[in-house]
Participant: 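Supplied in structure tokens, the structure appears directly below.
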Amino acid sequence: MERPIIGIMGNTYMTQPGLFDSIERAYQNSCYVDAVMKNGGIPVILPASADIDEALMRAGRYALEHGKPMLGICKGSQLLNVLMGGSLYQDLSVKGPDCIRHLQLGRRDYLTHQIRVEEGTRLSRLLGSGVCMTNSMHHQSVKELGKGLRASAYANDGVVEAIEDKDGLMVGVQWHPESLLESAPAMNHLFSD
């Protein structure tokens with residue numbers, strides 16, 4: 001079987017001024033690359049310009065037009081929702097005092113809060129339905145779902161933690177499964193799928 005080529009959206013950052021001029025660099029965290037390679041894929045980091053959001057939207061539109069499957073992680077999940085016409089809470093603090101902490105302070109591999117995976121979803125086939133633990137490093141989330149999307153997991157405070165489309169080409173998760181492959185091995189199913 002031919003190994004799939006998996007595009008991973010890159011990011012940019014500006015180096016600190018120092019002995020040499022500061023410069024903008026393109027990069028991606030190695031845990032994404034490692035997760036793809038662990039599952040037999042060939043990772044290709046897709047460079048992004050300084051306008052990251054527009055680069056992500058262009059890549060998403062291309063994938064939609066060509067029927068390519070997409071896994072959105074954290075901002076990628078939010079992107080999928082906006083791509084499909086949905087909206088976001090720009091900061092979860094506007095949801096009020098009952099909102100749990102979604103921006104953990106500890107290590108990325110630490111499981112910090114529960115989510116409830118909805119039965120009958122693609123996510124439930126991958127992780128099982130019911131309660132599971134995730135890490136959490138976001139301050140934005142889905143407000144109104146985009147066209148053709150459904151919520152497939154929620155946090156205890158009602159924040160949408162995962163979305164998917166009805167055609168099975170899109171899954172988006174708010175947490176970072178690439179950092180949980182040791183502490184929560186079932187998260188690897190998101191990559192093997």
Participant: Between D157 (side chain) and V159 (backbone), is there a donor-acceptor pair under 3.5 Å?
Facilitator: yes
Participant: Please determine whether side chain to side chain contact (heavy atoms under 4.5 Å, CB included) holds for the pair S152 and V117, giving the CA-CA distance in whole Å, both sets of side-chain angles, and the decisive distance to 0.1 Å.
Facilitator: CA-CA 6 Å; S152 51; V117 178; 5.7 Å; no
Participant: A quick test of your reading: do over 12 heavy atoms of other residues, nucleotides or ligands sit less than 6.0 Å from OH of Y110?
Facilitator: no
Participant: Under a single-linkage definition using a 4.5 Å side-chain heavy-atom cutoff for Ile, Leu, Val, Met, Phe, Trp and Tyr, are M137 and L111 assigned to the same hydrophobic cluster?
Facilitator: no
Participant: If hydrophobic clusters are built by linking Ile, Leu, Val, Met, Phe, Trp and Tyr wherever their side-chain heavy atoms come under 4.5 Å apart, do L79 and I6 end up in the same one?
Facilitator: no
Participant: Could you go through V142 and Q78, starting from their C-alpha distance and side-chain angles, then the distance that decides it, and tell me whether this counts as side chain to side chain contact (heavy atoms under 4.5 Å, CB included)?
Facilitator: CA-CA 6 Å; V142 169; Q78 297 160 14; 5.7 Å; no
Participant: Distance-only criterion, 3.5 Å: show the donor-acceptor pairs between side-chain atoms of residues 183-193 and protein atoms not counting sequence neighbours.
Facilitator:
unit_1: S183; atom_1: OG; unit_2: D109; atom_2: O; d: 2.7
unit_1: N188; atom_1: OD1; unit_2: N39; atom_2: ND2; d: 2.8
unit_1: N188; atom_1: ND2; unit_2: N39; atom_2: OD1; d: 3.0
unit_1: S192; atom_1: OG; unit_2: H189; atom_2: O; d: 3.4
unit_1: D193; atom_1: OD2; unit_2: R122; atom_2: NE; d: 3.0
unit_1: D193; atom_1: OD2; unit_2: R122; atom_2: NH2; d: 2.5

Participant: What are the two closest non-hydrogen atoms of A55 and M9, and how far apart are they?
Facilitator: O-CE, 3.9 Å
Participant: I need the minimum non-hydrogen distance between A151 and Y154, along with the two atoms involved.
Facilitator: CB-OH, 3.2 Å
Participant: Applying a strict under-4.5 Å side-chain criterion to I, L, V, M, F, W and Y, I'd like to know whether I5 and L46 cluster together.
Facilitator: yes
Participant: Heavy-atom distance under 4.5 Å between the side chains of L71 and M170, does that happen here?
Facilitator: no
Participant: Inspect the contact between R125 and E164 and indicate whether a charged nitrogen and a carboxylate oxygen are less than 4.0 angstrom apart.
Facilitator: no
Participant: Starting at CG of L123, measure out to CD1 of I115 and round the result to the nearest 0.5 Å.
Facilitator: 6.0 Å
Participant: Donor-acceptor pair, distance only, cut-off 3.5 Å: does the side chain of E24 make one with the backbone of M14?
Facilitator: no
Participant: Could you walk me through whether H176 and I73 pass the side chain to side chain contact (heavy atoms under 4.5 Å, CB included) check?
Facilitator: CA-CA 6 Å; H176 284 268; I73 296 174; 3.8 Å; yes
Participant: Roughly how far apart are N81 CG and S141 OG, rounded to 0.5 Å?
Facilitator: 9.0 Å
Participant: I'd like to know whether L169 forms a side chain to side chain contact (heavy atoms under 4.5 Å, CB included) with M70, so could you lay out the CA-CA distance, the side-chain angles of the two residues, the decisive distance to 0.1 Å, and finally the verdict.
Facilitator: CA-CA 6 Å; L169 287 176; M70 292 180 276; over 6 Å; no
Participant: OG of S129 to CZ of R116: how many Å apart, nearest 0.5 Å?
Facilitator: 11.0 Å
Participant: To check you understand the geometry: which heavy-atom pair defines the closest contact between T121 and R150, and what is its length?
Facilitator: CA-NH2, 3.2 Å
Participant: If we ignore hydrogens and angles and just use 3.5 Å, is the side chain of R3 paired with the main-chain N or O of G41 as donor and acceptor?
Facilitator: yes
Participant: Sub-3.5 Å donor-acceptor pair from the side chain of T15 to the main-chain atoms of I23, do we have one?
Facilitator: yes
Participant: Quick one: does any side-chain atom of S77 pair with a main-chain N or O of C74 as donor and acceptor, under 3.5 Å?
Facilitator: no
Participant: I'd like to know if E178 and R108 make a salt bridge, using a cut-off of under 4.0 Å between side-chain N and carboxylate O.
Facilitator: yes
Participant: Determine, using the 4.5 Å side-chain heavy-atom cutoff (strictly less than), whether V173 and Y32 are members of one ILVMFWY cluster.
Facilitator: yes
Participant: Has the side chain of S87 got a donor or acceptor atom that lies under 3.5 Å from a matching backbone atom of E144?
Facilitator: yes
Participant: Kindly work out whether a path of hydrophobic side-chain contacts (I/L/V/M/F/W/Y, heavy atoms less than 4.5 Å apart) joins M37 to I45.
Facilitator: yes
Participant: Give, for atom NZ of K147 and atom CG of L149, the distance between the pair rounded to the nearest 0.5 Å.
Facilitator: 11.0 Å
Participant: Ignoring hydrogens and angles, state whether a donor on the side chain of Q174 or Q140 is under 3.5 Å from an acceptor on the partner side chain.
Facilitator: no
Participant: Return the orientation label for the H113 and H102 ring planes: parallel under 30°, perpendicular over 60°, tilted otherwise.
Facilitator: perpendicular
Participant: With sequence neighbours left out, which residue pairs that include part of residues 63-76 fulfil the side-chain hydrogen bond (donor to acceptor under 3.5 Å, both in side chains) condition?
Facilitator: D53-K75
Participant: If you measure from CZ on R61 to CG on L56, what distance do you get to the nearest 0.5 Å?
Facilitator: 10.5 Å
Participant: Rounded to the nearest 0.5 Å, what separates atom CZ in R58 from atom CG in L83?
Facilitator: 13.0 Å
Participant: Write down the atom of L80, the atom of G72, and the distance for their closest heavy-atom approach.
Facilitator: CD1-N, 3.8 Å
Participant: Does any N or O in the side chain of N135 come within less than 3.5 Å of the main-chain N or O of T112, such that one atom is a donor and the other an acceptor?
Facilitator: no
